[in-house]
Number of protein chains: 2
Amino acid sequence: MEPASVIEALGALAQEHRLAVFRQLVQAGDRGMPAGAIATALDIPNSSLSFHLTQLRNAGLIEQERQHRSLIYRANYPAMNALLGYLTENCCAGSGCEAESACEITVIEGKSA
Amino acid sequence: MEPASVIEALGALAQEHRLAVFRQLVQAGDRGMPAGAIATALDIPNSSLSFHLTQLRNAGLIEQERQHRSLIYRANYPAMNALLGYLTENCCAGSGCEAESACEITVIEGKSA
DNA sequence: GCGTCATTTCTAGACTCATCGAAGTGAGGT
DNA sequence: ACCTCACTTCGATGAGTCTAGAAATGACGC
C-alpha cells in the first residue's frame with residue numbers, strides 16, 4: 001500500500017459521518033446496505049451521504065453494487081486490512097517492537113496488499 | 001478510546017507531512033528527535049513543522065519533552081495501539097470475523113486503552 | 001411511454017486546514 | 001546583562017472540505 005493511498009484512506013475515515021458509515025457497513029457484513037438505509041440509520045441527508053460514500057469509495061474502503069433500484073454498499077475488508085497492515089508495519093518495522101514501550105499488535109495474514 | 005479521539009488521531013495521520021513525521025518518530029524510537037532534526041530530515045520549514053507537531057500532539061500521538069535548548073518529540077506507542085485497537089475492534093466486533101472475507105488482524109494486548 | 005422511487009450530480013455558501021515569513025519566547029553561554 | 005540558538009506563535013493568504021437543497025439520472029412497474 002502506497003503512502004498516498006494510506007493518507008486517502010485515513011482521511012476518509014477521519015470524519016464523523018464517514019467513520020459512522022464505515023462502521024455501519026462493517027456491521028452489516030457481506031450483505032451490505034443500500035444508500036437509503038444508511039441515510040435513515042444515521043440521519044444524514046441523501047446528498048450529504050452520497051458525498052461521503054463517494055469519498056469512501058475513492059479511498060477504496062467501500063464498494064458499490066447495483067441491486068434493482070438500490071445501490072448496495074459494502075465494506076471492503078481487504079482494504080481495511082491493508083491499511084491496518086501499513087500502520088502496524090510502520091509501527092513495528094523500523095524500531096524495536098519487542099520492547100514493552102513499542103506496539104504489540106501482530107498481523108496474522110496479508111501484511112502487504 | 002472515544003470516537004472523537006479516533007477521528008482526531010486519524011485526521012492527524014491523514015496528512016503527508018504528519019504521517020512522515022510520525023513515521024520518523026516511530027523509527028527514532030524512545031530516544032525521540034528534536035524539532036530541528038525532524039525539520040532537516042523531512043525538509044519542512046520550521047513554522048510549518050511546528051504546526052504539524054502541535055496537531056499530532058493534540059491528537060495524543062506524540063509527546064514533547066524539553067531537553068536543554070531542544071524540544072524532543074517522541075511517538076506515543078500506547079496511543080497508536082489504542083487507535084489500531086479501536087479500528088480492529090470495529091472491524092471484528094460487529095460482524096463475523098471468522099469468515100475469510102472479514103478482517104484477520106488480532107490484537108495481542110491492550111485492546112482498550 | 002409515463003410516473004415513481006432511489007440515488008447521484010450540481011451548485012453555492014460557510015467553514016476549516018495548510019503554508020510560511022516575520023516576530024516573539026525561553027534556555028544557555030559568556 | 002547581553003547574545004545566540006531552538007523553537008513556537010502570529011497573521012495573512014490560498015486551497016480544500018462539508019453541507020444540503022434543487023435538479024438530473026437510472027431502474028422499475030404498469
Side-chain angles (χ1 to χ4, degrees), chain A residues 3-25 28 31-76, chain B residues 3-25 28 31-76:
Chain A
S5 319
V6 172
I7 288 167
E8 213 179 351
L10 289 171
L13 290 176
Q15 213 280 341
E16 189 186 350
H17 290 331
R18 286 196 295 265
L19 188 58
V21 167
F22 188 72
R23 283 190 59 180
Q24 190 81 37
L25 289 178
R31 273 175 297 123
M33 275 178 90
I38 304 172
T40 304
L42 301 177
D43 195 30
I44 302 173
N46 282 330
S47 60
S48 298
L49 176 66
S50 191
F51 167 77
H52 291 306
L53 287 171
T54 302
Q55 303 282 107
L56 285 167
R57 209 149 73 88
N58 285 342
L61 288 167
I62 63 173
E63 281 163 353
Q64 189 192 54
E65 183 200 348
R66 187 169 276 282
Q67 216 167 84
H68 309 293
R69 259 186 267 200
S70 301
L71 282 170
I72 305 293
Y73 285 92
R74 239 182 286 281
N76 183 349
Chain B
S5 319
V6 172
I7 288 166
E8 211 179 352
L10 289 171
L13 289 176
Q15 211 280 341
E16 189 186 350
H17 290 330
R18 286 197 294 265
L19 188 59
V21 166
F22 188 71
R23 284 188 58 179
Q24 190 81 39
L25 289 177
R31 273 175 298 123
M33 274 178 89
I38 304 171
T40 304
L42 302 177
D43 195 29
I44 302 172
N46 281 329
S47 59
S48 299
L49 176 65
S50 191
F51 168 76
H52 291 306
L53 286 171
T54 302
Q55 303 282 106
L56 285 168
R57 208 149 73 88
N58 285 342
L61 288 167
I62 63 172
E63 282 164 351
Q64 189 192 54
E65 182 201 347
R66 187 169 276 282
Q67 217 167 81
H68 309 291
R69 259 186 268 197
S70 300
L71 282 171
I72 305 293
Y73 285 93
R74 238 182 286 281
N76 182 350

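Model, not experiment: these values are computed from the prediction. Naming: A, B, ... by sequence-line order, numbering from 1 per chain.
The separation between A:Phe51 atom CZ and C:dT7 atom C1' is 16 Å, rounded to whole Å. In this structure, the CG atom of B:Leu13 is 12 Å from the P atom of C:dA18, given to the nearest Å. Whole-Å rounding puts the B:Glu65 CD to C:dA27 P distance at 14 Å. Distance B:Ile72 CD1 to D:dC5 C1': 14 Å, rounded to the nearest Å. A straight line from CG of A:Leu49 to P of C:dT8 spans 7 Å, rounded to a whole angstrom. As a whole-Å value, the separation of A:Leu53 CG from C:dT9 P is 11 Å. Atoms CD (A:Glu16) and C1' (D:dT19) sit 13 Å apart, rounded to a whole Å. Distance A:Leu56 CG to D:dT17 C1': 14 Å, rounded to the nearest Å.
Of all nucleotides listed (D:dT19, C:dC20, D:dT8), D:dT8 comes nearest to the side chain of B:Tyr73. Of the candidates D:dT17, C:dA18, D:dT8, the closest approach to any side-chain atom of B:Arg18 belongs to C:dA18. The listed nucleotides are D:dC18, D:dC7, C:dT8; the one nearest the side chain of A:Ser50 is C:dT8. In the set C:dA27, D:dT8, C:dT8, the nucleotide with an atom closest to the side chain of B:Arg66 is C:dA27. Of the candidate nucleotides C:dT7, C:dA22, D:dA20, C:dT7 has the atom lying nearest to any side-chain atom of A:Leu71. Taking every side-chain heavy atom of B:Ser47 into account, D:dT9 is the closest of C:dT19, D:dT8, D:dT9. For A:Gln15, taking side-chain heavy atoms from C-beta onward, the closest of the listed nucleotides D:dT8, D:dC18, D:dT9 is D:dC18.
Residue B:Gln64 is in sugar-phosphate contact alone, with no base atom involved, counting any heavy-atom pair closer than 4.0 Å across all strands shown.
Of the possible polar contacts, none joining the B:Ser50 side chain to the B:Asn46 backbone as a donor-acceptor pair under 3.5 Å is found. At distances below 3.5 Å, not a single donor-acceptor pair connects side-chain atoms of B:Arg74 with backbone N or O atoms of B:Ile62.
Distances shorter than 4.0 Å separate some side-chain N or O of B:Gln55 from OP1 or OP2 on C:dA18. In terms of phosphate contacts, B:Ser70 brings a side-chain nitrogen or oxygen within less than 4.0 Å of OP1 or OP2 of D:dC7. In terms of phosphate contacts, A:Ser48 brings a side-chain nitrogen or oxygen within less than 4.0 Å of OP1 or OP2 of D:dA20. Side-chain N/O atoms of B:His17 include one lying less than 4.0 angstrom from OP1 or OP2 on C:dT19. For the OP1/OP2 pair of C:dA27 and a distance below 4.0 Å, the side-chain nitrogens and oxygens of B:Gln67 include no atom meeting the criterion. In terms of phosphate contacts, A:His52 brings no side-chain nitrogen or oxygen within less than 4.0 Å of OP1 or OP2 of D:dT17.
DNA chain D is contacted by both A:Arg69 and A:Ile44; A:Ile44 maps to the nucleotide lying nearer its 5′ end (nearest heavy atom per residue).
Between B:Ala59 and B:Ala9, the shortest heavy-atom distance links the atoms CB-CA, 4.0 Å. Here the shortest heavy-atom pairing between B:Leu49 and B:Ile44 reads N-CG2, 3.7 Å.
Interatomic distance, CG of A:Leu53 versus CG of A:Leu25, reported as 7.5 Å (0.5 Å rounding).
Counting heavy-atom neighbours within 6.0 Å of A:Gln64 CD, excluding the residue itself, gives a total above 12.
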